[in-house]
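Each remark here refers to the structure printed beneath this line.
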Number of protein chains: 4
Amino acid sequence: MNLTIDLDSDVPIYQQIRDRIVEAIARGEIAEGDPLPSTRRLAADFAINFHTVNKAYDLLKQEGVIRVNRKSGAVIRRDPRTGPPDPGFAEGWEDRLRVLLAEATVHGLDQDEVVRRCTATLSGFRSPAERVSR
Amino acid sequence: MNLTIDLDSDVPIYQQIRDRIVEAIARGEIAEGDPLPSTRRLAADFAINFHTVNKAYDLLKQEGVIRVNRKSGAVIRRDPRTGPPDPGFAEGWEDRLRVLLAEATVHGLDQDEVVRRCTATLSGFRSPAERVSR
Amino acid sequence: MNLTIDLDSDVPIYQQIRDRIVEAIARGEIAEGDPLPSTRRLAADFAINFHTVNKAYDLLKQEGVIRVNRKSGAVIRRDPRTGPPDPGFAEGWEDRLRVLLAEATVHGLDQDEVVRRCTATLSGFRSPAERVSR
Amino acid sequence: MNLTIDLDSDVPIYQQIRDRIVEAIARGEIAEGDPLPSTRRLAADFAINFHTVNKAYDLLKQEGVIRVNRKSGAVIRRDPRTGPPDPGFAEGWEDRLRVLLAEATVHGLDQDEVVRRCTATLSGFRSPAERVSR
DNA sequence: GTGGTCTAGACCACA
DNA sequence: GTGGTCTAGACCACC
């Protein structure tokens, strides 16, 4: 797993860590049960405060993406096979999607182009079904 | 134009205002040249401070979405028909799209379902081509 | 004399009128004694309030560029031949020049390029000496 | 870095702050990566409100001159060496240059004198090339 | 009437 | 410690 963050971005660092991990899971680079680096280790790699990493892990835990074990550290928890999509997840997600697509429209991106980019991005991810068959 | 904002959201109010306006433009409810409510008026409607609306309009102005005329207030500026998509717009946008789609994947949304929601949302918008033919 | 103003610019209209007139004088299109259009006429041409034109003329009068005659309206007053540069003009002007050149430098314009653009712009103007010989 | 502002000027304070910082960068007094004083600190130094400094920094950020880091505050971002001049920068800049030079002409400044002052001012700045060789 | 500027003070998020 | 957000109220510039 190779995470890169931008200390100068206006996206909070803890958010970037969380985003990168979510992306890595989506790409199938880490899967259920796989361990995440320890907070101190990750903090040292990025030369940031380990509290920041902690906050990212907290966020992931709260989102149900990882579970934190006292001895084995953080491991990926959710496997999409285990059931239907999270209830309550869709609302906020759709809101953000709507804003994002509206922006693209307003800035002149053609609808076909938008859909193309969506599918292109998704093709880099593993859908739940694919993961089962792997 | 009927904007609704949520004062209790963790999304900054000025950002919500900006998002709602971008969506309204994408839906074609307001078009090039249409005036936006005055900052003080909108602030009164939402029962918020006019500086907050000011910040939202500033953001939109900076994004090239509106222009502010001393006498007639803010009016919609950009019409996606008038040219190619904004150069430099796609970068940050794709990053956000990737994160959003990764989240959906991790939370178990099927890829087809994701694409379906994207197209459904887009169908509520007016693509540049449609606007020409209207 | 063909003035064009942009009602949507963030530069105040009265300032634009003043700027365009100053430029026209610099280019030699209007010279000492030449009359300016009446405020009401100019206001009608631009479809703006005549008070705005009034303000522009006031500014020009205050700067010593025109004189206003009750019956013949506004006429160009200053002829650079009549003497040395205005005392007191240079200070504010140099300040603005310094800021403008600093901006160019910071945004990566080469010094030679900057000088080239200055001379190119000046070549479109008539220096005082040239005006004498015309 | 020694900034001076004039509270009685008709130039907005936030604009003056922005101008002084741009000049300081042009002179090479502050360079890429150098930190700017914190908004509240600078505000205290000038005995003004920190929001005013905030606005100046916002403007600089928007112009791409600085970047704002959550922890270390604002630092100079752009180094003109790193690439060609900003595309799209020249337009508004040339307009302002034209007005400024027209004023000089109208007020009787000789063209040679104008060029002399431009080059004199520029000689106080570090051109991109000079910075490389330093 | 409109937006723009500045002040003042509060609270929160980030690191 | 830093910047970001929101509120509140004043005054000014423009049209």
Side-chain angles (χ1 to χ4, degrees), chain A residues 5 7-17 43 46-56 59, chain B residues 5 7 9-17 35-43 46-59 61 66-75, chain C residues 5 7 9-17 43 46-56 59, chain D residues 5 7-17 35-43 46-59 61 66-75:
Chain A
I5 62 173
L7 296 176
D8 295 324
S9 165
D10 44 354
V11 178
I13 294 176
Y14 81 95
Q15 181 80 41
Q16 291 186 55
I17 296 174
F46 290 144
I48 59 178
N49 194 301
F50 87 96
H51 287 114
T52 305
V53 183
N54 242 334
K55 189 161 183 175
L59 182 55
Chain B
I5 60 172
L7 297 177
S9 166
D10 50 348
V11 179
I13 297 175
Y14 79 95
Q15 181 78 42
Q16 292 184 52
I17 296 174
L36 255 43
S38 80
T39 52
R40 282 164 169 91
R41 172 67 195 281
L42 199 55
F46 288 148
I48 58 176
N49 191 281
F50 88 93
H51 285 118
T52 306
V53 182
N54 229 338
K55 189 159 186 176
Y57 281 18
D58 254 12
L59 185 53
K61 185 170 65 178
I66 66 174
R67 59 185 148 80
V68 176
N69 192 309
R70 229 168 296 278
K71 94 143 62 120
S72 43
V75 300
Chain C
I5 62 173
L7 296 176
S9 165
D10 44 354
V11 178
I13 294 175
Y14 81 95
Q15 180 79 42
Q16 291 185 55
I17 296 174
F46 290 145
I48 58 177
N49 195 301
F50 88 96
H51 287 114
T52 306
V53 183
N54 243 334
K55 189 160 184 176
L59 183 54
Chain D
I5 61 173
L7 297 178
D8 296 327
S9 166
D10 50 348
V11 178
I13 298 176
Y14 80 95
Q15 181 77 44
Q16 291 184 53
I17 297 175
L36 254 44
S38 80
T39 52
R40 282 164 170 89
R41 173 67 194 281
L42 199 55
F46 287 148
I48 60 176
N49 192 280
F50 88 93
H51 285 120
T52 306
V53 181
N54 229 338
K55 189 159 185 175
Y57 280 18
D58 253 13
L59 184 53
K61 185 171 64 178
I66 67 173
R67 59 184 147 80
V68 176
N69 192 309
R70 229 168 296 280
K71 95 146 57 124
S72 44
V75 300

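Letters A, B, ... mirror the listed sequences (proteins, then strands); counts begin at 1.
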Worksheet entry | 5' precedence on DNA chain E between B:Arg41 and D:Leu7 (nearest-nucleotide basis) | B:Arg41

Fill in: With sequence neighbours excluded, residues passing side chain to side chain contact (heavy atoms under 4.5 Å, CB included) with C:Ala56
C:Tyr14, C:Ile17

Practice prompt. Enter the distance from C:Thr52:OG1 to C:Asn49:CG here, rounded to the nearest 0.5 Å.
Written response: 5.0 Å

Expected rows: protein N/O vs nucleotides 13-15 of chain E N/O, under 3.5 Å:
unit_1 : atom_1 : unit_2  : atom_2 : d
E:dC14 : OP1    : A:Tyr14 : OH     : 3.0
E:dC14 : OP2    : A:Lys55 : NZ     : 2.8
E:dC14 : O3'    : D:Arg70 : NE     : 3.1
E:dA15 : OP1    : A:Ile13 : N      : 2.8
E:dA15 : OP1    : D:Arg70 : NE     : 3.4
E:dA15 : O3'    : D:Lys71 : NZ     : 3.4

Worksheet entry | Non-neighbouring partners of B:Arg40 that pass side chain to side chain donor-acceptor pair (under 3.5 Å), sequence neighbours left out | none

Practice prompt. Treat a base pair as Watson-Crick or G-U wobble with both distances under 3.5 Å, then lay out DNA chain F in dot-bracket form, 5' to 3', with | for cross-strand pairs.
Written response: ||||||||||||||.

Worksheet item: First and last nucleotide of DNA chain F touching chain D, 5' to 3', heavy-atom cut-off 4.0 Å?
Response: F:dT2 to F:dC6

Worksheet item: Are the side chain of D:Arg67 and the backbone N or O of D:Ala74 linked by a donor-acceptor pair below 3.5 Å?
Response: no

Worksheet item: Is D:Lys55 salt-bridged to D:Asp58, going by a charged N under 4.0 Å from an acidic O?
Response: no

Worksheet item: Can you check whether A:Ile5 reaches A:Ile13 side chain to side chain, under 4.5 Å on heavy atoms?
Response: yes

Worksheet item: How is C:His51 classified with respect to the nucleic acid when contacts are heavy atoms under 4.0 Å: base, sugar-phosphate, or nothing?
Response: nothing

Worksheet entry | Given DNA chain F, 5'-ward residue of the pair D:Arg40 and B:Phe50, judged by closest heavy atom | D:Arg40

Discussion item. Suppose we screen for side chain to side chain donor-acceptor pair (under 3.5 Å). Which residues come up paired with A:Asn54, at least two apart in sequence or across chains?
Written reply: none

Fill in: Under the side chain to side chain contact (heavy atoms under 4.5 Å, CB included) test, residues paired with A:Ser9 that sit two or more places apart
A:Asp6, A:Val11, A:Gln16

Item to complete: Using a 4.5 Å cut-off on heavy atoms from C-beta on, say whether the side chain of B:Phe50 contacts that of B:Leu42.
Response: no

Practice prompt. Could you list the residues that satisfy salt bridge (Lys or Arg N to Asp or Glu O under 4.0 Å) with B:Lys71, not counting sequence neighbours?
Written response: none

